[in-house]
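Report on the following structure.
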Amino acid sequence: MEIDIPHTFKILLGDFNLKEINWEHEYSYANEDHISWKFLELCRDNFLVQHVKQHTRIREGSTPSTLDLIFTNLHYIVNDVLYLPPLGSSDHLTISFNLNVYSFKDMTTRKKFLYFKGEYELIKQQIENINWEIELEEQSMENAWNNFMSKITNIIKENVPERIASANSKYYQTPWMNQEAKMAIKNKRKLWRNFIYCPNTYNRYRYKLARNEAAYQVKVARKTYELSIAANIKKDSKSFWRYVKSKTKVKETIPNLKHNGVTMDTEIDKATLLNNYFTSVFTVESALDQPSLDDRNFITVLDDIDIKKEEIQKFLEKINPSKSPGNDNLHPKFLKETAKEISQPLSILCRLSLDQSVIPAQWKQANISAIHKKGNKDTPSNYRPISLTSLACKTMEKLLRDQLVKHMNSNKLFTEHQHGFRSGYSCATQLIGVLDNWTSNLDNKIDTDVVYLDFQKAFDTVPHKRLLTKLNAYGIRGKVFNWIKEFLTNRKQRVVLNGQNSCWTDVTSGIPQGTVLGPILFLIYINDLPEAVENAVKLFADDTKLYGQVNNLSDEIKMQQDITKLTNWSDKWLLKFNADKCKHMHIGKNYHATSYSMDGKEISKTNCERDLGVMIDDQLKFQQHINTAVKKANQKLGIIKRNFNHLDKNSFVSLYKALVRPHLEYASSVWSTIFKKDAIAIENTQRRATKILRGISNLTYPERLKYLGLPSLEYRRIRSDMIQVYKFLNNIDKMDDDLLKINENSRTRGHNKKLLKSHSRLNVRKFSFTERVVNTWNNLPSDVINSKNINLFKSQLNKHWKNQEIKFNPACLISYSQPELVQRLSHRTRTDLESRETNG
């Protein structure tokens with residue numbers, strides 16, 4: 001084995017005596033002028049990661065605090081942090097941790113096809129020359145599939161080159177190496193050997209020239225590659241992460257796993273342990289005790305679908321060629337390049353499969369990738385199984401999925417409370433709706449109880465017979481019903497780790513995560529859950545929350561009864577709740593804190609919970625969410641800074657927009673802050689990012705934004721609010737009926753879609769989405785408001801606000817605050833409107 005020296009890293013530790021900082025959420029309780037806040041920003045400026053999250057100083061009579069800290073510049077260097085008893089009479093805990101400094105290079109060799117270098121013109125001709133009707137029709141599905149795969153495999157072997165993937169010289173393993181750089185290095189080595197054999201001045205001179213040329217060619221190759229993957233980051237993110245990992249010597253993979261005190265250290269043992277755990281959670285369903293579900297109100301029945309070659313071709317053309325193939329080894333690059341030609345045999349196979357209600361064995365086999373969720377990485381239960389299945393099967397699944405969605409929508413069968421995997425519904429639409437209810441309650445001195453419910457391995461435990469019962473009740477019959485039944489039964493899976501795999505095991509329940517059909521089947525299965533309760537319930541796939549007003553004991557009892565009803569529903573349909581992970585949050589101060597139980601266990605209380613990617617606290621201030629977002633964005637920024645040395649303006653902007661800014665803007669209409677301190681923390685991340693690009697760091701922040709064409713994040717949050725309002729009012733996104741109300745009695749100048757503004761007592765209500773957008777929206781001109789589509793609206797809005805000061809000079813960094821910013825923006829808009837009317 002060869003040992004590699006890892007990435008240069010920094011480690012800084014000691015007692016920093018900054019008790020004002022909450023290191024779990026990286027937030028300072030002090031204001032922006034305090035040394036703790038400045039220290040936190042200093043750590044972010046230097047892209048340092050702090051690994052100590054618990055209290056390290058505990059003294060009787062004083063509040064515990066986190067003072068002893070460990071900083072590194074690479075997040076994967078430190079792990080397994082332990083908090084041990086103090087030494088002697090000290091009141092500081094002893095901190096123990098593992099430092100990952102070295103790793104072993106993977107020397108395994110694998111034979112692989114180079115699909116990105118295939119002769120696809122020849123491949124297309126050979127596929128077209130086959131008479132697929134004769135080869136496939138009037139056969140059993142299994143024989144037809146085997147015949148198809150035999151011919152396609154032969155075509156691939158003839159026209160796609162192969163190579164042995166091995167760990168040779170590092171110069172040849174780096175992804176950015178091109179032929180010119182390789183030849184220059186080869187020539188340098190040759191002249192070095194000449195110099196060693198005959199060490200004279202001439203040979204040394206020749207070697208120095210070759211050495212300089214090699215260094216130059218390597219630099220050019222690396223620069224060209226970096227610019228290339230930065231420009232294509234949105235289309236091909238896999239190349240970006242492959243490049244980052246190629247420079248990371250400490251490989252992030254599944255570590256040794258522990259089970260019953262035994263450590264599993266080989267890849268096969270780890271794969272077997274994970275596969276055994278994933279299969280252990282499957283539901284055992286009795287055939288004798290099957291519940292029924294009354295038929296829903298539907299007009300049409302879905303019993304068959306049309307299978308068109310053109311639809312299959314469109315699906316194949318949209319495949320991401322960088323994704324991994326399923327167990328049949330049909331590579332997505334191959335399918336994408338031959339989409340027009342191979343869509344004909346695939347359409348025949350899909351029709352055969354549907355008519356015969358038969359699915360080939362390879363379509364039912366899934367290679368499982370274990371994805372870490374959270375918690376200790378040595379515990380199998382902290383991993384989620386993701387299935388890699390046949391892309392040919394996914395083609396058939398997509399055809400069925402589209403028809404299932406159309407059937408459910410046309411018959412209005414979906415519950416309005418489900419926001420997952422549905423057009424016009426999203427995390428933001430759900431959160432905006434529920435926060436409108438919660439802030440309205442607060443403003444009216446009404447408390448709200450929210451119970452976050454956690455299903456236990458929801459997708460893996462869906463019982464197949466009960467799922468089929470529900471499909472029948474929703475009008476899914478005939479060939480479609482029989483195909484889905486066949487799709488669910490007799491499935492097999494195995495876990496694959498670094499080329500090593502476990503044995504195949506039977507899948508007896510669940511909907512495979514990673515399949516195309518899986519999400520819509522789960523939505524149908526959970527669709528009737530809201531009917532079981534009286535209080536409000538909101539769903540996003542399996543993410544479920546129950547909430548309602550609590551003003552008296554009667555409201556408490558009603559909420560507890562709903563929890564009991566949901567528990568009964570889960571017992572009936574064998575989709576169990578994990579009572580230990582369910583959370584209860586009380587919002588408001590007008591009623592005493594309540595408590596609820598599930599299955600005899602008290603539901604634990606929380607003052608902050610992650611809800612669809614947004615950290616929501618019981619005061620609805622979102623400070624923890626903002627600090628979490630800043631932390632994630634800063635980590636991505638650190639990756640760019642450490643790994644890219646040759647960025648130009650365009651490549652930097654591409655990387656920043658794709659990797660960093662989404663963390664700072666995700667669901668911003670939900671949490672948009674009114675606090676200057678939080679706005680500064682967000683804006684500082686973009687300020688920090690603009691300093692990475694060489695040659696402009698001497699410019700002021702507004703000047704850098706103008707040069708890069710990046711508006712301030714504060715401006716973009718207001719713009720995002722306007723886009724969300726447009727989507728709601730034009731039915732692009734679905735909203736509750738009373739979320740945004742048009743002011744029918746408005747007689748002032750302007751457009752005909754002015755919103756009605758209500759009086760708010762509290763700031764938490766006044767600056768919630770439904771209230772803060774009113775003034776800015778009402779003062780937009782009619783040509784912007786009445787844009788025909790969303791893209792035209794964005795263009796018109798950008799044009800209308802192009803001269804706004806805050807576009808490149810955020811309010812949080814100048815003299816006025818967020819509320820003043822909205823007023824200033826509205827005033828400027830109103831002035832511009834009056835000027836237009838005056839000038840005709």
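Keep in mind that this is a model prediction, so the values were computed, not measured.
- The side chain to side chain donor-acceptor pair (under 3.5 Å) search around E665 returns R716, not counting sequence neighbours.
- Judged purely by distance below 3.5 Å, without hydrogens or angles, the side chains of Y701 and E683 pair a donor atom with an acceptor atom.
- S782 contributes no side-chain N or O that, together with a main-chain N or O of N752, makes up a donor-acceptor pair within less than 3.5 Å.
- Contacts classified as salt bridge (Lys or Arg N to Asp or Glu O under 4.0 Å) and involving residues 395-410 (residues at least two apart or in different chains) are given here: K398-D402.
- The salt bridge (Lys or Arg N to Asp or Glu O under 4.0 Å) pairs that include a residue from residues 424-443 are D436-R765, where partners are two or more places apart or lie in different chains.
- With no hydrogens or angles considered, no side-chain donor-acceptor pair links T415 and N527 at under 3.5 Å.
- Aromatic rings from F522 and F459 are positioned such that their centres are separated by under 6.0 Å.
- Annotation: side chain to side chain contact (heavy atoms under 4.5 Å, CB included) contacts of K314 (sequence neighbours excluded): none.
- Side chains of D648 and S651: a donor on one and an acceptor on the other come within 3.5 Å.
- Proximity of the aromatic rings of F808 and Y707 is defined here by a centroid distance below 6.0 angstrom, and this criterion is not met.
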Next on the checklist: Using ring pair (Phe, Tyr, Trp, His ring centres under 6.0 Å), reason through F644 and F240 one step at a time and then give a plain yes or no.
Outcome noted: CA-CA 10 Å; F644 286 79; F240 170 85; 5.5 Å; yes
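- Legend: residues meeting ring pair (Phe, Tyr, Trp, His ring centres under 6.0 Å) with F487, ordered by chain and number and at least two apart, are W483.
- Partners of H419 under the side chain to side chain contact (heavy atoms under 4.5 Å, CB included) rule, at least two apart in sequence or in another chain, are Y425, T429, Q430, F540.
- Side-chain contact, T685 with N634: no donor N or O sits under 3.5 Å from an acceptor N or O.
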